[in-house]
Engineer: 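One structure follows; several queries about it will come next.
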Amino acid sequence: MAIMDVNDAGAQNHDLVPHKGFKLINGTHDPDDVDQIYDLEIRDSDVFVVTYPKSGTIWMQQILLLLEAKGDLTAISKLSKYSNAELIPWIELMGNRQTFITAPSPRMRVSHLPFQFMPSALSQKKGKVIYVARNPKDVVVSYFYFHKLANMLETPTDFDDFFERFLRGDVFGGSWFQHIKTWYSHKDDMNMLFITYEELIQDLQAAVQRIASFLGKELSAEQLAQVVTHSTFSNMKKIPQANYEQVPGELLSHHQGRFMRKGTVGDWKKHFTVFQSERFDQLFHREMADIPLVFLWDIEDVA
Ligand code: A3P
C-alpha cells in the first residue's frame with residue numbers, strides 16, 4: 001500500500017481524486033507527476049515491483065533489499081533509519097519521480113499504478129517488472145484492516161461497507177480485476193516475472209530463487225538461505241524497518257494494528273459471509289474468464 005514519504009507528513013484523511021480512469025490519493029499523489037512517469041527513461045538495471053495494494057509489496061521490498069545485500073540483514077539496517085519504503089520507494093508518490101531520474105543504479109521501485117501510467121519503455125523490454133498478485137478475497141480483508149491503520153485513507157464503517165467499495169473499485173488501486181488483467185495481458189511485451197503471494201507462502205525458498213535468477217543475482221546457497229530467513233513473516237515482524245514502524249503516527253495509526261498483520265492464505269473465510277463469497281466468485285469468474293490464472297484461496301487446499 002502506498003504511503004507518503006515519511007518526511008512529508010502533511011496529508012490525513014483525504015479523499016480519492018479521480019484521474020484518467022484511476023483514483024489517486026489527494027495529498028499523496030500529484031496527478032501531473034504521475035502523468036510524467038510514462039515518459040521516464042528506463043535503464044536495463046531498473047526494477048519495478050508492481051502490485052495491487054495489500055498483495056505483498058513490503059515482502060518483495062524485503063526480498064529485493066536482501067538479494068542486493070546478499071542476505072546480510074545488517075547491511076540493510078545500516079542503509080536507512082526509516083523503513084523499506086525509503087529504500088525501495090513508490091514511484092508514484094509526490095516527488096519520487098524526480099529523485100528516480102538521478103538515482104544511481106540499480107534503481108528499484110514499487111508501484112500500485114495501473115499499466116497505462118507506467119513508463120512506456122518497459123513495453124520495449126527495458127528494465128524489469130515483478131508483478132505480485134494475491135488472491136483478491138484475502139486482499140479485501142487485508143485492505144479493510146489497512147484502512148483502519150492508514151490515516152490517508154478514509155476508515156470504512158464496517159467490513160460490509162468496505163466489501164462493497166472494493167467491488168465497485170472505489171478504493172485506491174481501483175478495480176482489482178482491471179489492474180491484474182491489464183498488467184497480465186502485457187506481460188510478454190515486458191521483462192516480467194509474474195508471481196503470486198501464495199507461491200511465496202507455499203515455498204519461499206523456491207520463490208526467492210526464481211526472483212534471484214530473474215534479476216540475474218548470483219548468490220551462494222548460504223546467502224540465499226539468509227534471504228529466506230530474513231523474509232519470513234515471523235522474522236519480518238521483528239524487524240522495525242520491514243514493519244514500517246518508523247512511519248510517523250500522522251500517517252499510520254500504529255495503535256490500530258500492524259502492517260504485518262496475519263500473513264496467511266484464507267483469512268477471508270473468517271470475514272466473508274456465504275453470500276459475499278458467492279457474489280465474489282461470480283464476479284471473479286465473469287471478469288477472469290479469459291485469464292488463465294489459478295489462485296490458491298485457502299492454505300488448507302494445499303494439503
Ligand atoms: P495481511 O494483512 O493479510 O496480513 P502490502 O505490503 O502490499 O501492503 O501487503 C501487506 C500484506 O502482506 C499483509 O497481509 C502482510 O501481513 C503481508 N506480508 C508482508 N510480509 C509478509 C511475509 N513475509 N509473509 C507473509 N505475508 C506477508
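One-based numbering, in listed order, for ligands and for the atoms of each.
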Engineer: Show your reasoning for whether side-chain contact (heavy atoms from CB on, under 4.5 Å) applies to K181 and E287.
Structural biologist: CA-CA 9 Å; K181 284 197 288 188; E287 291 276 357; 2.7 Å; yes

Engineer: Could K269 and D298 be called an ion pair, given the rule that one side-chain N must be under 4.0 Å from one carboxylate O?
Structural biologist: yes

Engineer: Looking at ligand 1, does Y197 have a heavy atom less than 4.0 Å from it?
Structural biologist: yes

Engineer: Does R109 count as lying over the ring of F100, i.e. NZ or CZ under 6.0 Å from the six-ring centre, within 45 degrees of the axis?
Structural biologist: no

Engineer: Judging by distance only, is a nitrogen or oxygen of Y52 under 3.5 angstrom from one on ligand 1?
Structural biologist: no

Engineer: Just let me know how T232 lines up against ligand 1, side chain, backbone, both or neither, with a heavy-atom cut-off below 4.0 Å.
Structural biologist: backbone

Engineer: Aromatic contact between H271 and Y145, with the criterion being ring centroids under 6.0 Å apart: yes or no?
Structural biologist: yes

Engineer: Taking atom CD of E41 as the centre, report whether more than 12 heavy atoms of other residues, nucleotides or ligands fall under 6.0 Å from it.
Structural biologist: no

Engineer: Can you list the steps and then say if M118 with V50 is a side-chain contact (heavy atoms from CB on, under 4.5 Å)?
Structural biologist: CA-CA 10 Å; M118 287 296 277; V50 179; 4.3 Å; yes

Engineer: At a non-hydrogen distance cut-off of under 4.0 Å, which region of S55 contacts ligand 1 (side chain, backbone, both, or neither)?
Structural biologist: backbone

Engineer: Are any of the N/O atoms on T57, whether in the backbone or the side chain, positioned under 3.5 angstrom from an N/O atom of ligand 1?
Structural biologist: yes

Engineer: Decide whether an N or O pair under 3.5 Å exists between G263 and ligand 1.
Structural biologist: yes

Engineer: Which atoms from ligand 1 have a heavy atom of S142 less than 4.0 Å away?
Structural biologist: 1 (P), 2 (O), 3 (O), 13 (C), 14 (O)

Engineer: Please say which of T51, V49, V132, L204 ends up in a side-chain contact (heavy atoms from CB on, under 4.5 Å) with W59.
Structural biologist: L204

Engineer: Any atoms of ligand 1 less than 4.0 Å from a non-hydrogen atom of M260? List them with their elements.
Structural biologist: 16 (O), 19 (C), 20 (N), 21 (C)

Engineer: When clusters are formed by joining ILVMFWY residues with side-chain heavy atoms under 4.5 Å apart, either directly or through shared neighbours, do F22 and V17 land in the same one?
Structural biologist: no

Engineer: Check ligand 1 against I58 and write out every atom of the ligand that is under 4.0 Å from a heavy-atom position of the residue.
Structural biologist: 6 (O), 19 (C)

Engineer: Do any nitrogen or oxygen atoms of P53 come within less than 3.5 Å of a nitrogen or oxygen of ligand 1?
Structural biologist: no

Engineer: For R134, which part has a heavy atom under 4.0 Å from ligand 1: side chain, backbone, both, or neither?
Structural biologist: side chain

Engineer: Compare K54, K262, R261, H112 and give the one whose heavy atom is closest to atom 10 (C) of ligand 1.
Structural biologist: K54

